[in-house]
Undergrad: 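Okay, here's the structure, questions in a sec.
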Amino acid sequence: MLEIRKIRENTEELIERLNLRGGDFSYLHDVVKWDEKRRSMLQEIEKLKRIRNEVSKKIGVLKRTGKPVSEPMATVEKAKSQIAVFEEDIRRIETRIQDALLNTPNVPHSNIPPGQDEEDNRLVRSVGEPRTFDFEVLPHWDIATALDILDFERAAKIASSRFVVYKGDGARLERALINFMLDLHRDKHGYKEILLPYIVNYDVMVGAGQFPKFVDDAFKLVDERNLYLNPTAEVPGINMHREEILSADDMPISYTAFTTAFRQEAGSAGRDTRGILRQHQFNKVELLKFVTPETSYEENDKMLGHSEAVLKALGLPYRVVELCAGDLGFAMAKTYDIEVWLPSYEGYREIASISNAEDYQARRANIKFRRKRGAKPEFVHTLNGSGLAVGRTLVAILENFQNEDGTVDVPEALKPYMQLEKIK
RNA sequence: GGAGUAGUACUCAAGUUGGCUGAAGAGGUGCCCCUGCUAAGGGCAUAGGUCGGGUUAAACCGGCGCGAGGGUUCAAAUCCCUCCUACUCCGCCA
(Lines give C-alpha, C1' and ligand atoms only; values in the text may rest on other atoms or scores of the structure.)
Protein backbone atom coordinates (compact mmCIF):
# COMPACT_ATOMS: atom_id res chain seq x y z
CA MET A 1 0.00 0.00 0.00
CA LEU A 2 1.17 3.49 -0.75
CA GLU A 3 1.44 6.02 2.00
CA ILE A 4 -1.19 8.72 1.80
CA ARG A 5 1.30 11.29 3.09
CA LYS A 6 3.71 10.51 0.27
CA ILE A 7 0.92 10.70 -2.25
CA ARG A 8 -0.07 14.06 -0.82
CA GLU A 9 3.46 15.40 -1.12
CA ASN A 10 4.41 14.01 -4.54
CA THR A 11 1.12 13.51 -6.30
CA GLU A 12 2.29 14.35 -9.82
CA GLU A 13 5.52 12.40 -9.67
CA LEU A 14 3.87 9.28 -8.27
CA ILE A 15 1.11 9.32 -10.85
CA GLU A 16 3.68 9.68 -13.59
CA ARG A 17 5.69 6.72 -12.35
CA LEU A 18 2.63 4.57 -11.78
CA ASN A 19 1.41 5.34 -15.28
CA LEU A 20 4.53 3.60 -16.57
CA ARG A 21 2.80 0.37 -15.64
CA GLY A 22 0.13 1.18 -18.17
CA GLY A 23 -3.13 2.58 -16.93
CA ASP A 24 -4.32 5.88 -15.61
CA PHE A 25 -3.63 6.68 -12.00
CA SER A 26 -4.78 10.29 -12.06
CA TYR A 27 -7.57 9.31 -9.65
CA LEU A 28 -4.96 9.81 -6.95
CA HIS A 29 -5.70 13.52 -7.24
CA ASP A 30 -9.17 12.73 -5.93
CA VAL A 31 -7.74 10.59 -3.18
CA VAL A 32 -5.67 13.53 -2.00
CA LYS A 33 -8.78 15.71 -1.92
CA TRP A 34 -10.73 13.09 0.00
CA ASP A 35 -7.89 12.87 2.46
CA GLU A 36 -7.93 16.62 3.05
CA LYS A 37 -11.63 16.41 3.75
CA ARG A 38 -11.04 13.46 6.00
CA ARG A 39 -8.46 15.24 8.07
CA SER A 40 -10.54 18.36 8.59
CA MET A 41 -13.51 16.25 9.66
CA LEU A 42 -11.26 14.29 11.97
CA GLN A 43 -10.22 17.47 13.70
CA GLU A 44 -13.85 18.43 14.28
CA ILE A 45 -14.60 15.02 15.70
CA GLU A 46 -11.61 15.14 17.99
CA LYS A 47 -12.61 18.54 19.30
CA LEU A 48 -16.07 17.22 20.13
CA LYS A 49 -14.69 14.11 21.76
CA ARG A 50 -12.46 16.22 23.90
CA ILE A 51 -15.50 18.14 25.14
CA ARG A 52 -17.34 14.91 25.79
CA ASN A 53 -14.45 13.46 27.77
CA GLU A 54 -13.83 16.55 29.86
CA VAL A 55 -17.46 17.21 30.71
CA SER A 56 -18.09 13.56 31.54
CA LYS A 57 -15.25 13.66 33.97
CA LYS A 58 -16.73 16.77 35.55
CA ILE A 59 -20.08 15.04 35.93
CA GLY A 60 -18.41 12.36 38.00
CA VAL A 61 -16.99 14.98 40.37
CA LEU A 62 -20.28 16.85 40.61
CA LYS A 63 -22.19 13.69 41.39
CA ARG A 64 -19.86 12.78 44.18
CA THR A 65 -20.40 16.18 45.77
CA GLY A 66 -24.13 16.03 45.23
CA LYS A 67 -24.33 18.96 42.79
CA PRO A 68 -26.80 19.11 39.88
CA VAL A 69 -25.64 17.60 36.60
CA SER A 70 -28.43 18.16 34.14
CA GLU A 71 -26.71 21.08 32.39
CA PRO A 72 -23.38 19.35 31.66
CA MET A 73 -25.27 16.24 30.66
CA ALA A 74 -27.09 18.24 28.04
CA THR A 75 -23.74 19.52 26.75
CA VAL A 76 -22.43 16.00 26.32
CA GLU A 77 -25.65 14.89 24.71
CA LYS A 78 -25.30 17.59 22.10
CA ALA A 79 -21.64 16.81 21.41
CA LYS A 80 -22.48 13.15 21.02
CA SER A 81 -25.11 13.69 18.41
CA GLN A 82 -22.73 15.87 16.41
CA ILE A 83 -20.02 13.23 16.68
CA ALA A 84 -22.38 10.63 15.30
CA VAL A 85 -23.09 12.74 12.22
CA PHE A 86 -19.43 13.40 11.49
CA GLU A 87 -18.47 9.79 12.06
CA GLU A 88 -20.97 8.58 9.55
CA ASP A 89 -19.42 10.90 6.95
CA ILE A 90 -15.83 10.13 7.79
CA ARG A 91 -16.44 6.41 7.65
CA ARG A 92 -17.76 6.74 4.14
CA ILE A 93 -14.81 8.77 2.94
CA GLU A 94 -12.28 6.52 4.68
CA THR A 95 -13.72 3.51 2.91
CA ARG A 96 -13.34 5.26 -0.41
CA ILE A 97 -9.71 6.19 0.30
CA GLN A 98 -8.93 2.69 1.52
CA ASP A 99 -10.47 1.08 -1.55
CA ALA A 100 -8.45 3.29 -3.83
CA LEU A 101 -5.20 2.64 -2.00
CA LEU A 102 -5.71 -1.13 -1.80
CA ASN A 103 -6.24 -1.21 -5.55
CA THR A 104 -3.24 0.94 -6.38
CA PRO A 105 -0.09 -1.06 -7.18
CA ASN A 106 3.42 -0.37 -6.00
CA VAL A 107 5.43 2.41 -7.60
CA PRO A 108 8.06 1.05 -9.97
CA HIS A 109 11.63 1.71 -8.90
CA SER A 110 13.04 4.75 -10.67
CA ASN A 111 15.63 2.97 -12.82
CA ILE A 112 13.61 0.07 -14.15
CA PRO A 113 13.08 -0.06 -17.89
CA PRO A 114 9.92 1.51 -19.30
CA GLY A 115 7.75 -0.66 -21.49
CA GLN A 116 4.46 -2.49 -21.68
CA ASP A 117 5.13 -6.21 -21.70
CA GLU A 118 7.83 -8.85 -21.69
CA GLU A 119 9.10 -7.65 -25.06
CA ASP A 120 10.49 -4.62 -23.26
CA ASN A 121 12.25 -6.46 -20.45
CA ARG A 122 15.97 -5.74 -20.17
CA LEU A 123 18.44 -8.59 -20.58
CA VAL A 124 20.83 -8.61 -17.64
CA ARG A 125 22.96 -11.64 -18.53
CA SER A 126 22.92 -15.06 -20.14
CA VAL A 127 24.67 -17.94 -18.43
CA GLY A 128 25.52 -21.28 -20.00
CA GLU A 129 25.35 -22.37 -23.62
CA PRO A 130 22.25 -24.17 -24.82
CA ARG A 131 23.26 -27.67 -25.85
CA THR A 132 23.10 -28.63 -29.51
CA PHE A 133 21.31 -31.87 -30.26
CA ASP A 134 22.07 -34.22 -33.15
CA PHE A 135 18.64 -35.77 -32.90
CA GLU A 136 15.15 -34.40 -32.77
CA VAL A 137 14.37 -33.09 -29.31
CA LEU A 138 11.10 -34.01 -27.65
CA PRO A 139 8.97 -31.80 -25.42
CA HIS A 140 8.95 -32.84 -21.79
CA TRP A 141 5.45 -34.32 -21.89
CA ASP A 142 6.50 -36.79 -24.60
CA ILE A 143 9.68 -37.70 -22.77
CA ALA A 144 7.82 -38.13 -19.48
CA THR A 145 4.95 -40.11 -20.92
CA ALA A 146 7.35 -42.49 -22.66
CA LEU A 147 9.27 -42.96 -19.41
CA ASP A 148 5.98 -43.31 -17.56
CA ILE A 149 6.96 -40.75 -14.97
CA LEU A 150 4.15 -38.24 -15.52
CA ASP A 151 0.50 -39.24 -15.90
CA PHE A 152 -1.91 -36.58 -17.11
CA GLU A 153 -4.92 -38.76 -17.79
CA ARG A 154 -5.15 -40.19 -14.32
CA ALA A 155 -4.67 -36.73 -12.81
CA ALA A 156 -7.61 -35.46 -14.84
CA LYS A 157 -9.62 -38.42 -13.60
CA ILE A 158 -8.75 -37.58 -10.00
CA ALA A 159 -9.06 -33.82 -10.16
CA SER A 160 -9.37 -32.05 -13.51
CA SER A 161 -7.17 -30.78 -16.29
CA ARG A 162 -4.01 -28.89 -15.29
CA PHE A 163 -3.14 -31.48 -12.67
CA VAL A 164 -0.56 -34.23 -12.93
CA VAL A 165 0.44 -37.46 -11.22
CA TYR A 166 4.18 -37.97 -10.78
CA LYS A 167 5.23 -41.60 -10.89
CA GLY A 168 8.36 -43.61 -10.15
CA ASP A 169 11.53 -41.69 -10.90
CA GLY A 170 9.42 -38.66 -11.80
CA ALA A 171 8.11 -38.46 -8.26
CA ARG A 172 11.59 -39.13 -6.98
CA LEU A 173 13.09 -36.40 -9.16
CA GLU A 174 10.56 -33.85 -7.88
CA ARG A 175 11.36 -34.79 -4.30
CA ALA A 176 15.10 -34.76 -4.97
CA LEU A 177 14.87 -31.27 -6.40
CA ILE A 178 12.97 -30.00 -3.36
CA ASN A 179 15.53 -31.43 -0.98
CA PHE A 180 18.46 -30.27 -3.04
CA MET A 181 17.17 -26.70 -3.22
CA LEU A 182 16.28 -26.46 0.46
CA ASP A 183 19.65 -27.87 1.49
CA LEU A 184 21.50 -25.48 -0.79
CA HIS A 185 19.71 -22.40 0.54
CA ARG A 186 19.98 -23.50 4.12
CA ASP A 187 23.59 -24.70 4.10
CA LYS A 188 25.22 -22.38 1.59
CA HIS A 189 23.07 -19.27 1.60
CA GLY A 190 22.06 -18.99 5.25
CA TYR A 191 18.29 -19.21 5.01
CA LYS A 192 16.21 -20.69 7.79
CA GLU A 193 13.93 -23.45 6.59
CA ILE A 194 10.23 -23.10 7.35
CA LEU A 195 7.22 -25.20 6.41
CA LEU A 196 4.06 -23.14 6.09
CA PRO A 197 0.29 -23.68 6.13
CA TYR A 198 -1.21 -24.39 2.72
CA ILE A 199 -4.31 -22.43 3.61
CA VAL A 200 -4.37 -18.72 4.28
CA ASN A 201 -6.99 -16.23 5.40
CA TYR A 202 -8.30 -13.15 3.66
CA ASP A 203 -6.22 -10.61 5.59
CA VAL A 204 -3.04 -12.45 4.73
CA MET A 205 -3.94 -12.27 1.05
CA VAL A 206 -4.48 -8.52 1.42
CA GLY A 207 -1.17 -8.18 3.24
CA ALA A 208 0.80 -9.78 0.43
CA GLY A 209 -1.00 -7.66 -2.17
CA GLN A 210 -3.12 -10.40 -3.77
CA PHE A 211 -6.45 -9.11 -2.55
CA PRO A 212 -8.78 -7.41 -3.13
CA LYS A 213 -7.77 -7.02 -6.76
CA PHE A 214 -6.94 -10.63 -7.63
CA VAL A 215 -9.57 -12.64 -5.75
CA ASP A 216 -10.47 -14.53 -8.90
CA ASP A 217 -7.00 -16.04 -9.19
CA ALA A 218 -7.29 -17.85 -5.87
CA PHE A 219 -9.00 -21.08 -4.90
CA LYS A 220 -11.53 -20.26 -2.22
CA LEU A 221 -12.55 -22.85 0.33
CA VAL A 222 -16.19 -23.44 1.07
CA ASP A 223 -15.88 -22.48 4.69
CA GLU A 224 -17.35 -19.67 6.74
CA ARG A 225 -13.85 -18.62 7.81
CA ASN A 226 -13.01 -17.07 4.45
CA LEU A 227 -9.97 -19.21 3.67
CA TYR A 228 -8.01 -19.72 0.46
CA LEU A 229 -5.48 -22.16 -0.91
CA ASN A 230 -1.97 -20.76 -0.81
CA PRO A 231 -1.12 -19.26 -4.24
CA THR A 232 2.61 -18.95 -3.44
CA ALA A 233 4.82 -19.21 -0.35
CA GLU A 234 5.28 -15.47 -0.51
CA VAL A 235 1.75 -15.04 0.84
CA PRO A 236 1.98 -17.01 4.10
CA GLY A 237 5.72 -16.30 4.27
CA ILE A 238 5.60 -12.53 4.20
CA ASN A 239 2.75 -12.63 6.71
CA MET A 240 4.87 -14.61 9.16
CA HIS A 241 5.68 -11.29 10.79
CA ARG A 242 2.48 -9.33 10.19
CA GLU A 243 1.57 -6.97 13.01
CA GLU A 244 5.06 -7.28 14.44
CA ILE A 245 7.86 -4.91 15.29
CA LEU A 246 11.15 -6.64 14.58
CA SER A 247 14.52 -5.74 15.99
CA ALA A 248 17.18 -4.49 13.58
CA ASP A 249 19.62 -6.83 15.34
CA ASP A 250 17.70 -9.82 13.99
CA MET A 251 17.71 -8.56 10.42
CA PRO A 252 17.95 -9.49 7.69
CA ILE A 253 15.57 -12.36 8.42
CA SER A 254 15.90 -14.98 5.70
CA TYR A 255 13.55 -17.91 5.17
CA THR A 256 13.42 -20.66 2.63
CA ALA A 257 10.15 -22.51 2.33
CA PHE A 258 8.89 -25.42 0.33
CA THR A 259 5.22 -25.04 -0.48
CA THR A 260 2.69 -26.37 -2.88
CA ALA A 261 1.05 -23.48 -4.70
CA PHE A 262 -2.50 -23.43 -6.05
CA ARG A 263 -3.71 -21.12 -8.79
CA GLN A 264 -6.89 -20.81 -10.82
CA GLU A 265 -4.99 -19.66 -13.92
CA ALA A 266 -8.26 -17.99 -14.83
CA GLY A 267 -6.76 -15.71 -17.48
CA SER A 268 -4.64 -18.42 -19.06
CA ALA A 269 -7.24 -20.61 -20.74
CA GLY A 270 -5.67 -22.23 -23.78
CA ARG A 271 -2.09 -21.33 -22.83
CA ASP A 272 0.47 -24.05 -22.09
CA THR A 273 -2.23 -26.69 -22.11
CA ARG A 274 0.24 -29.53 -22.66
CA GLY A 275 2.79 -30.57 -20.10
CA ILE A 276 3.32 -29.22 -16.60
CA LEU A 277 4.45 -25.68 -17.30
CA ARG A 278 1.15 -24.27 -16.07
CA GLN A 279 -0.70 -26.28 -13.44
CA HIS A 280 -3.37 -25.56 -10.86
CA GLN A 281 -1.08 -27.15 -8.31
CA PHE A 282 2.70 -26.94 -8.35
CA ASN A 283 5.65 -27.12 -6.01
CA LYS A 284 8.01 -24.31 -5.32
CA VAL A 285 10.93 -23.56 -3.06
CA GLU A 286 10.74 -19.94 -2.06
CA LEU A 287 13.21 -17.42 -0.65
CA LEU A 288 11.98 -14.68 1.66
CA LYS A 289 13.70 -11.79 3.36
CA PHE A 290 12.78 -9.05 5.79
CA VAL A 291 15.40 -6.33 5.50
CA THR A 292 16.12 -2.73 6.43
CA PRO A 293 15.28 -0.21 3.68
CA GLU A 294 18.87 0.83 3.01
CA THR A 295 19.97 -2.75 2.35
CA SER A 296 17.04 -4.01 0.34
CA TYR A 297 18.46 -3.68 -3.16
CA GLU A 298 21.77 -5.16 -2.14
CA GLU A 299 19.92 -8.06 -0.50
CA ASN A 300 17.71 -8.42 -3.55
CA ASP A 301 20.76 -8.87 -5.76
CA LYS A 302 22.14 -11.45 -3.35
CA MET A 303 18.86 -13.32 -3.50
CA LEU A 304 19.04 -13.31 -7.28
CA GLY A 305 22.47 -14.93 -6.93
CA HIS A 306 21.02 -17.60 -4.66
CA SER A 307 18.38 -18.50 -7.23
CA GLU A 308 20.96 -18.56 -10.01
CA ALA A 309 23.11 -20.87 -7.90
CA VAL A 310 20.47 -23.59 -8.25
CA LEU A 311 20.54 -23.42 -12.04
CA LYS A 312 24.32 -23.29 -12.09
CA ALA A 313 24.59 -26.32 -9.85
CA LEU A 314 22.21 -28.23 -12.10
CA GLY A 315 24.01 -27.11 -15.24
CA LEU A 316 20.98 -25.54 -16.87
CA PRO A 317 21.46 -22.63 -19.30
CA TYR A 318 19.49 -19.54 -18.34
CA ARG A 319 19.25 -15.82 -18.64
CA VAL A 320 18.31 -13.07 -16.23
CA VAL A 321 15.98 -10.29 -17.30
CA GLU A 322 14.82 -7.22 -15.47
CA LEU A 323 11.11 -6.67 -15.85
CA CYS A 324 9.92 -3.47 -17.44
CA ALA A 325 7.33 -1.35 -15.66
CA GLY A 326 4.41 -2.83 -17.56
CA ASP A 327 5.35 -6.41 -16.75
CA LEU A 328 5.89 -5.79 -13.05
CA GLY A 329 3.74 -7.57 -10.46
CA PHE A 330 1.18 -5.56 -8.51
CA ALA A 331 3.09 -5.35 -5.22
CA MET A 332 6.61 -5.11 -6.60
CA ALA A 333 8.91 -2.15 -7.16
CA LYS A 334 11.49 -4.19 -9.02
CA THR A 335 11.68 -7.75 -10.31
CA TYR A 336 14.24 -9.99 -11.95
CA ASP A 337 13.01 -13.02 -13.80
CA ILE A 338 15.25 -15.99 -14.39
CA GLU A 339 14.40 -17.84 -17.59
CA VAL A 340 15.66 -21.31 -18.29
CA TRP A 341 16.45 -22.66 -21.74
CA LEU A 342 13.87 -25.15 -23.00
CA PRO A 343 15.00 -26.99 -26.16
CA SER A 344 11.48 -27.95 -27.27
CA TYR A 345 10.44 -24.34 -26.97
CA GLU A 346 13.62 -23.12 -28.63
CA GLY A 347 13.68 -20.31 -26.14
CA TYR A 348 13.76 -19.27 -22.53
CA ARG A 349 10.87 -19.70 -20.13
CA GLU A 350 10.39 -18.20 -16.69
CA ILE A 351 11.55 -20.45 -13.87
CA ALA A 352 12.06 -17.92 -11.07
CA SER A 353 11.10 -14.41 -10.09
CA ILE A 354 13.03 -12.35 -7.57
CA SER A 355 11.39 -9.17 -6.34
CA ASN A 356 11.69 -6.25 -3.99
CA ALA A 357 8.35 -4.99 -2.69
CA GLU A 358 10.11 -2.26 -0.70
CA ASP A 359 7.67 -1.24 2.06
CA TYR A 360 4.52 -1.92 0.05
CA GLN A 361 3.69 -5.28 1.63
CA ALA A 362 5.07 -4.18 4.98
CA ARG A 363 2.49 -1.41 5.10
CA ARG A 364 -0.33 -3.72 4.15
CA ALA A 365 0.71 -6.35 6.67
CA ASN A 366 2.04 -3.84 9.20
CA ILE A 367 5.55 -5.21 9.57
CA LYS A 368 7.95 -2.81 11.24
CA PHE A 369 11.36 -2.81 12.83
CA ARG A 370 13.20 -0.73 15.39
CA ARG A 371 16.77 0.34 14.77
CA LYS A 372 17.48 0.31 18.49
CA ARG A 373 15.69 0.29 21.81
CA GLY A 374 13.29 3.18 22.03
CA ALA A 375 13.67 4.18 18.39
CA LYS A 376 10.60 4.92 16.32
CA PRO A 377 9.39 1.89 14.39
CA GLU A 378 9.87 1.96 10.62
CA PHE A 379 8.47 -0.31 7.94
CA VAL A 380 10.71 -3.14 6.77
CA HIS A 381 11.35 -3.98 3.15
CA THR A 382 10.21 -7.40 2.00
CA LEU A 383 11.87 -9.51 -0.67
CA ASN A 384 10.77 -12.74 -2.21
CA GLY A 385 12.20 -15.00 -4.85
CA SER A 386 11.77 -18.46 -6.28
CA GLY A 387 14.52 -20.80 -5.58
CA LEU A 388 13.15 -22.37 -7.86
CA ALA A 389 9.80 -23.43 -9.29
CA VAL A 390 10.24 -27.17 -8.88
CA GLY A 391 7.96 -28.45 -11.66
CA ARG A 392 9.52 -26.17 -14.21
CA THR A 393 12.98 -27.24 -13.08
CA LEU A 394 11.96 -30.84 -13.67
CA VAL A 395 10.79 -29.83 -17.15
CA ALA A 396 14.13 -28.18 -17.85
CA ILE A 397 16.03 -31.26 -16.71
CA LEU A 398 13.97 -33.63 -18.82
CA GLU A 399 14.37 -31.52 -21.91
CA ASN A 400 17.98 -30.39 -21.57
CA PHE A 401 19.36 -33.75 -20.47
CA GLN A 402 17.34 -35.99 -22.75
CA ASN A 403 19.13 -38.62 -24.82
CA GLU A 404 18.31 -40.00 -28.25
CA ASP A 405 17.19 -43.31 -26.73
CA GLY A 406 14.58 -41.54 -24.59
CA THR A 407 16.50 -41.70 -21.35
CA VAL A 408 17.37 -38.64 -19.26
CA ASP A 409 20.70 -38.05 -17.51
CA VAL A 410 20.51 -37.11 -13.86
CA PRO A 411 22.51 -33.91 -13.14
CA GLU A 412 25.59 -34.45 -11.03
CA ALA A 413 24.26 -32.37 -8.13
CA LEU A 414 21.14 -34.52 -7.88
CA LYS A 415 22.82 -37.91 -7.93
CA PRO A 416 23.22 -38.07 -4.15
CA TYR A 417 19.52 -37.31 -3.84
CA MET A 418 18.37 -39.62 -6.65
CA GLN A 419 20.96 -42.36 -6.21
CA LEU A 420 20.57 -42.83 -9.89
CA GLU A 421 22.66 -42.02 -13.00
CA LYS A 422 19.93 -42.01 -15.53
CA ILE A 423 16.15 -42.10 -15.77
CA LYS A 424 15.19 -44.86 -18.15
C1' G B 1 -17.96 -31.86 18.35
C1' G B 2 -19.33 -31.21 24.06
C1' A B 3 -17.99 -28.71 29.02
C1' G B 4 -15.12 -25.11 31.37
C1' U B 5 -11.16 -21.24 32.35
C1' A B 6 -8.44 -17.25 30.61
C1' G B 7 -6.56 -12.96 27.17
C1' U B 8 -4.14 -5.96 30.76
C1' A B 9 2.23 -2.92 28.73
C1' C B 10 9.05 -6.53 26.88
C1' U B 11 7.50 -10.57 30.75
C1' C B 12 4.64 -11.86 35.06
C1' A B 13 0.70 -9.56 37.36
C1' A B 14 -3.10 -6.01 40.42
C1' G B 15 -7.51 -3.83 39.11
C1' U B 16 -15.21 -6.45 37.88
C1' U B 17 -20.46 -2.73 43.63
C1' G B 18 -18.70 1.70 36.03
C1' G B 19 -15.97 7.87 37.23
C1' C B 20 -10.38 10.19 41.24
C1' U B 21 -6.25 3.83 37.17
C1' G B 22 -3.49 5.12 30.76
C1' A B 23 -3.59 1.71 34.22
C1' A B 24 -0.62 -0.60 41.19
C1' G B 25 3.38 -4.03 41.99
C1' A B 26 7.43 -7.20 40.53
C1' G B 27 10.84 -8.82 36.98
C1' G B 28 13.52 -7.31 32.81
C1' U B 29 16.15 -3.54 30.25
C1' G B 30 19.26 1.17 30.26
C1' C B 31 22.34 4.65 32.95
C1' C B 32 24.87 5.73 37.57
C1' C B 33 26.97 4.57 42.63
C1' C B 34 29.44 0.93 45.58
C1' U B 35 33.18 -3.20 45.23
C1' G B 36 40.34 -4.81 43.14
C1' C B 37 37.17 -7.92 39.38
C1' U B 38 32.73 -10.82 39.65
C1' A B 39 28.52 -11.73 42.65
C1' A B 40 25.45 -9.28 46.11
C1' G B 41 23.69 -4.26 47.37
C1' G B 42 21.97 0.92 46.42
C1' G B 43 20.09 5.10 43.26
C1' C B 44 17.73 6.99 38.93
C1' A B 45 15.14 6.07 34.44
C1' U B 46 11.94 3.20 31.43
C1' A B 47 3.90 3.06 28.83
C1' G B 48 4.41 1.46 24.06
C1' G B 49 1.66 1.95 19.37
C1' U B 50 -1.28 4.65 16.08
C1' C B 51 -4.08 8.88 13.93
C1' G B 52 -4.53 14.27 13.62
C1' G B 53 -2.54 19.15 14.94
C1' G B 54 2.15 21.55 15.89
C1' U B 55 7.77 22.26 15.18
C1' U B 56 13.42 23.28 10.67
C1' A B 57 13.61 19.08 14.14
C1' A B 58 12.04 18.38 18.99
C1' A B 59 9.04 19.99 22.87
C1' C B 60 4.00 20.24 23.20
C1' C B 61 -1.71 19.53 22.46
C1' G B 62 -5.64 16.22 21.35
C1' G B 63 -8.32 11.47 19.45
C1' C B 64 -8.02 6.16 19.72
C1' G B 65 -6.23 2.38 22.89
C1' C B 66 -6.61 -2.98 28.68
C1' G B 67 -7.38 -9.99 22.54
C1' A B 68 -10.79 -7.95 17.98
C1' G B 69 -15.42 -5.77 16.62
C1' G B 70 -20.15 -3.91 18.05
C1' G B 71 -23.58 -2.10 22.04
C1' U B 72 -25.47 0.17 26.87
C1' U B 73 -24.17 4.82 29.63
C1' C B 74 -23.15 11.69 30.74
C1' A B 75 -18.87 8.22 31.70
C1' A B 76 -16.41 1.19 30.56
C1' A B 77 -10.34 -2.53 31.44
C1' U B 78 -14.77 -2.81 34.53
C1' C B 79 -21.91 -4.16 32.22
C1' C B 80 -24.14 -6.73 27.51
C1' C B 81 -23.52 -9.23 22.50
C1' U B 82 -20.55 -11.49 18.51
C1' C B 83 -15.91 -13.27 17.06
C1' C B 84 -10.64 -14.81 17.59
C1' U B 85 -6.76 -17.15 20.37
C1' A B 86 -4.62 -20.16 24.37
C1' C B 87 -5.18 -23.76 28.16
C1' U B 88 -7.87 -27.98 30.90
C1' C B 89 -11.32 -32.17 30.78
C1' C B 90 -14.47 -35.44 27.63
C1' G B 91 -15.41 -37.51 22.60
C1' C B 92 -13.10 -38.57 17.80
C1' C B 93 -8.68 -39.23 15.01
C1' A B 94 -3.42 -39.34 11.41
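Values in this document were obtained by computation on a predicted structure and should not be read as measured data. Chain letters run A, B, ... following the sequence lines, proteins first, then strands; residues in each count from 1.
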Undergrad: Looking at A:Glu174 and A:Lys167, is any side-chain nitrogen of the basic one under 4.0 Å from a carboxylate oxygen of the acidic one?
TA: no

Undergrad: Only Watson-Crick and G-U wobble pairs with both distances less than 3.5 Å should count. Give RNA chain B in dot-bracket notation, marking inter-strand partners with |.
TA: ((((((((.[[[..)...(.....]]]((((((.......))))))..(((((......)))))..[[[[[..)....]]]]])))))))....

Undergrad: Rounded to whole angstrom, note down the P distance from B:G4 over to B:U82.
TA: 14 Å

Undergrad: Between B:G28 and B:G48, how far is it from one C1' atom to the other, in whole Å?
TA: 15 Å

Undergrad: Looking at A:Arg371 and A:Glu294, is there a salt bridge between them, counting it only when a charged N and a carboxylate O are closer than 4.0 Å?
TA: yes

Undergrad: Flag this pair as yes if the NZ/CZ of A:Lys192 is under 6.0 angstrom from the six-membered ring centre of A:Tyr255 and inside a 45 degree cone about the axis; otherwise no.
TA: no

Undergrad: In plain terms, say whether A:Lys33 and A:Glu36 are close enough for a salt bridge, that is, a side-chain N and a carboxylate O under 4.0 Å apart.
TA: no

Undergrad: What's the gap between B:C84 and B:U11 when it is taken at their P atoms, as a whole Å value?
TA: 24 Å

Undergrad: Provide the distance between the two C1' atoms, one in B:G22 and one in B:C64, to the nearest whole Å.
TA: 12 Å

Undergrad: Give every pair of a protein N or O atom and an N or O atom of nucleotides 66-76 of chain B that lie under 3.5 Å apart, one pair per line with the distance.
TA:
unit_1, atom_1, unit_2, atom_2, d
B:C74, O2', A:Ser56, OG, 2.8
B:C74, N4, A:Lys63, NZ, 3.0
B:A75, OP1, A:Lys80, NZ, 3.0
B:A75, OP2, A:Lys80, NZ, 3.3
B:A75, O4', A:Ser56, OG, 3.4

Undergrad: Output yes when A:Glu54 and A:Lys57 qualify as a salt bridge under the 4.0 Å nitrogen-oxygen rule, no when they do not.
TA: no

Undergrad: To the nearest angstrom, how far is A:Asp249 atom CG from B:U29 atom P?
TA: 15 Å

Undergrad: For atom P, what is the distance between B:A14 and B:C79, given to the nearest Å?
TA: 16 Å

Undergrad: Distance between the C1' atoms of B:C12 and B:U29, in whole angstroms?
TA: 15 Å

Undergrad: Is the closest basic N to carboxylate O distance between A:Lys6 and A:Glu9 below 4.0 Å?
TA: no

Undergrad: A side-chain contact here means heavy atoms from C-beta on lying under 4.5 Å apart; do A:Gln210 and A:Asp217 qualify?
TA: no

Undergrad: I need the CD-P distance between A:Glu94 and B:U50, as an integer number of Å.
TA: 17 Å

Undergrad: Start at the 5' end of RNA chain B and walk down; is the nucleotide closest to A:Ile4 or to A:Glu54 reached first?
TA: A:Ile4

Undergrad: Regarding A:Lys368, tell me which of base, sugar-phosphate or nothing describes its non-hydrogen contacts under 4.0 Å with the strands shown.
TA: sugar-phosphate

Undergrad: C1' atom, B:C74 versus B:G69: distance in rounded Å?
TA: 24 Å

Undergrad: Taking 4.0 angstrom as the limit, do A:Glu299 and A:Lys289 come out as a salt bridge?
TA: yes

Undergrad: For atom P, what is the distance between B:A57 and B:G52, given to the nearest Å?
TA: 15 Å

Undergrad: How many Å lie between CD1 on A:Ile90 and P on B:C64, as a whole number?
TA: 13 Å

Undergrad: My understanding is that only one of A:Gln279, A:Arg162, A:Arg278 makes a side chain to side chain donor-acceptor pair (under 3.5 Å) with A:Asp272; could you say which?
TA: A:Arg278

Undergrad: Run the ring-ring contact (aromatic ring centres under 6.0 Å, His included) test on A:Phe262 and A:His280 for me, step by step, so that the C-alpha distance in whole Å, both residues' side-chain angles and the decisive distance to 0.1 Å come before the verdict.
TA: CA-CA 5 Å; A:Phe262 301 88; A:His280 285 312; 9.7 Å; no

Undergrad: Expressed in angstrom and rounded to an integer, what is the separation of A:Glu244 atom CD from B:C10 atom P?
TA: 13 Å

Undergrad: Rounding to a whole Å, what distance do you find between A:Phe369:CZ and B:G48:C1'?
TA: 18 Å

Undergrad: May I have the distance from A:Asn53 (atom CG) to B:C20 (atom P), rounded to whole angstrom?
TA: 12 Å

Undergrad: Is the shortest distance from a Lys or Arg side-chain nitrogen in A:Glu3 or A:Arg363 to a carboxylate oxygen in the other one below 4.0 Å?
TA: yes

Undergrad: Identify, residue by residue, the members of residues 36-50 of chain A with a heavy atom below 4.0 Å from RNA chain B, and return them in order of residue number, or none.
TA: A:Arg38, A:Arg39, A:Leu42, A:Gln43, A:Glu46, A:Lys49, A:Arg50

Undergrad: Are A:Lys334 and A:Glu322 within salt-bridge range, i.e. N to O under 4.0 Å?
TA: yes

Undergrad: Indicate, with a heavy-atom threshold strictly under 4.0 Å, whether A:Arg225 touches base, sugar-phosphate, or nothing.
TA: nothing

